[in-house]
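Below is one structure, written out as structure tokens; comments come after it.
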Amino acid sequence: TRTATYRPAPVHRLDRGTSGLLVIGLSPAGSRSLADSFRENQVQKSYMAVVEGVPKPPQGTIEAPLLLRETARAHQPKVRVDDRGKPARTDYEVVEAGRKRALLHLRLHTGRTHQIRAHLGHIGSPIVGDRRYGAAAEQGDAFYLHACELKLPHPTNGKRLTFQSEIPERFRKAVQLG
């Protein structure tokens, strides 16, 4: 239930430049319940990304621990694959492949800072336009990561909800142009 004094606020975050779905709490109780769902790994998150290169094999799992770099500058990776880091797991699948780029569907099993970006850079297929993790600069500072699906329990009744968002048309164009 919405309250007169509560200001709706995001329950989680997307990296700057990432498009797609974002969960917003409309009440203090709803926000707490949604935040608990994220913290307790009850939320399934899927993304679409355009990457440089075509990953081989065309589907797989990236399990690589990520360590937060406290002193990273704006152009440097904020996290890096490091055995001292926290466990992180990302599933990927090539949906469409061009000559030099691919459209991937990604599913997160953990929600680490910059997880998708660091994992894709680690396997040699950085997100198009993501200079921080190894990609070449893209015209207009375009970034090709989209939060396309969220599955989560309703904050008050627990019923499983699914939300989807279509990828921007520029994603498919970027695969063909690359």
Side-chain angles (χ1 to χ4, degrees), residues 8-25 31 34-35 37-39 41-55 59 61-62 64 66-69 72-81 85-86 88-98 101-152 161-178:
V11 176
H12 67 113
R13 58 179 294 279
L14 294 175
D15 293 346
R16 180 178 294 139
T18 301
S19 59
L21 299 167
L22 184 68
V23 177
I24 302 210
S31 291
L34 289 164
S37 294
F38 275 91
R39 191 173 29 265
N41 211 17
Q42 296 174 348
V43 178
Q44 287 183 340
K45 299 176 273 189
S46 295
Y47 292 78
M48 298 293 282
V50 179
V51 298
E52 294 183 358
V54 180
Q59 71 180 52
T61 298
I62 306 164
L66 297 175
L67 182 66
L68 190 60
R69 296 179 54 188
R73 295 200 172 118
H75 64 283
Q76 296 175 319
K78 191 171 186 172
V79 298
R80 70 172 188 249
V81 171
K86 293 182 179 179
R89 180 177 164 200
T90 306
D91 294 337
Y92 72 89
E93 181 177 0
V94 174
V95 174
E96 187 176 326
R101 293 179 176 172
L103 177 65
L104 303 185
H105 178 262
L106 302 134
R107 180 161 180 268
L108 293 180
H109 292 274
T110 49
R112 307 286 179 226
T113 299
H114 291 195
Q115 177 176 324
I116 292 172
R117 298 168 67 187
H119 274 174
L120 291 174
H122 176 68
I123 66 167
S125 290
I127 296 169
V128 170
D130 190 2
R131 293 178 292 170
R132 186 177 263 211
Y133 288 92
E138 188 69 8
Q139 189 175 22
D141 254 358
F143 197 74
Y144 289 85
L145 182 60
H146 181 78
C148 65
E149 185 175 75
L150 283 170
K151 294 180 180 180
L152 65 154
L161 303 172
T162 299
F163 299 95
Q164 296 179 323
S165 173
E166 291 293 319
I167 61 169
E169 183 59 33
R170 70 184 177 93
F171 278 49
R172 291 195 191 282
K173 288 179 183 173
V175 172
Q176 299 311 314
L177 293 175

Looking at side-chain heavy atoms only, is the closest gap between M48 and L103 below 4.5 Å? yes
Is H12 reaching over with its side chain to a backbone N or O of A35, donor-acceptor style, under 3.5 angstrom? no
Do K151 and V43 come within less than 4.5 Å of each other through their side chains, counting heavy atoms only? no
Decide side chain to side chain contact (heavy atoms under 4.5 Å, CB included) for Q44 and L150; before the verdict, give the C-alpha distance in whole Å, the side-chain angles of both, and the deciding distance to 0.1 Å. CA-CA 6 Å; Q44 287 183 340; L150 283 170; over 6 Å; no
Inter-residue atom distance T90.OG1 - L66.CG, 0.5 Å rounding: 7.5 Å
Compare every heavy atom of V94 with every heavy atom of A102, then report the nearest pair and how far apart it is. CB-CG1, 4.3 Å
Looking only at heavy atoms, which two atoms of I24 and V11 are closest? And how far apart? C-CG2, 4.1 Å
Kindly compute the distance separating CG (L21) from CG (L14), expressed to the nearest 0.5 Å. 8.5 Å
Pair E96 + R172, salt bridge at N-O below 4.0 Å: yes
Does the H119 side chain pair with the main chain of A64, one donor and one acceptor, at a distance under 3.5 Å? yes
Go through it in stages, so that I can follow the logic: the residues are F171 and E166, the test is side chain to side chain contact (heavy atoms under 4.5 Å, CB included), and I'd like the CA-CA distance, side-chain angles, deciding distance and then a yes or no. CA-CA 10 Å; F171 278 49; E166 291 293 319; over 6 Å; no
From D91 atom CG to S46 atom OG, the distance as rounded to the nearest 0.5 Å: 9.5 Å
I'd like to know if the side chain of Q115 reaches the main chain of R89, judged simply by a donor and an acceptor atom lying under 3.5 Å from each other, with no hydrogens or angles considered. yes
Atom CG of L106 and atom NZ of K45: how far apart are they, to the nearest 0.5 Å? 12.5 Å
Mark yes or no for whether R107, through its side chain, and Y92, through its backbone, hold a donor-acceptor pair below 3.5 Å. no
Test R101 against V51 for side chain to side chain contact (heavy atoms under 4.5 Å, CB included), laying out the working first. CA-CA 6 Å; R101 293 179 176 172; V51 298; over 6 Å; no
Hey, can you tell me if Y133 and H114 have their rings parallel, tilted or perpendicular (30° and 60° cut-offs)? perpendicular
The test is side chain to side chain contact (heavy atoms under 4.5 Å, CB included); show your working for V128 and F143 and say whether it passes. CA-CA 6 Å; V128 170; F143 197 74; over 6 Å; no
Distance-minimising heavy-atom pair for E52 and A136: OE2-N, 3.0 Å
Would you give the length of the straight line joining atom CD of E169 to atom CD1 of I167, rounded to the nearest 0.5 angstrom? 7.5 Å
Heavy-atom nearest pair, A49 first then L145, reads CB-CD1, 3.9 Å
Nearest heavy atoms of A174 and V50, plus distance in Å: CB-CG1, 4.2 Å
Could you tell me whether the side chain of R69 reaches within less than 4.5 Å of the side chain of K78, counting heavy atoms only? no
Are any side-chain N or O atoms of R132 and backbone N or O atoms of Q76, one a donor and one an acceptor, separated by less than 3.5 Å? yes
Out of curiosity, Y144 OH to I127 CD1, how far, rounded to the nearest 0.5 Å? 12.0 Å
Keeping N41 on the side-chain end and H109 on the backbone end, is there a donor-acceptor pair under 3.5 Å? yes
Taking the side chain as C-beta and beyond, is there a heavy-atom pair between D15 and I116 under 4.5 Å? no
Keeping the roles fixed (side chain from E149, backbone from T162), state whether a donor-acceptor pair exists under 3.5 Å. no
Heavy-atom pair with the smallest gap, counting every atom of S165 and G20: OG-CA, 4.3 Å
Side-chain donor or acceptor of H146 paired with backbone N/O of T18 under 3.5 Å: no
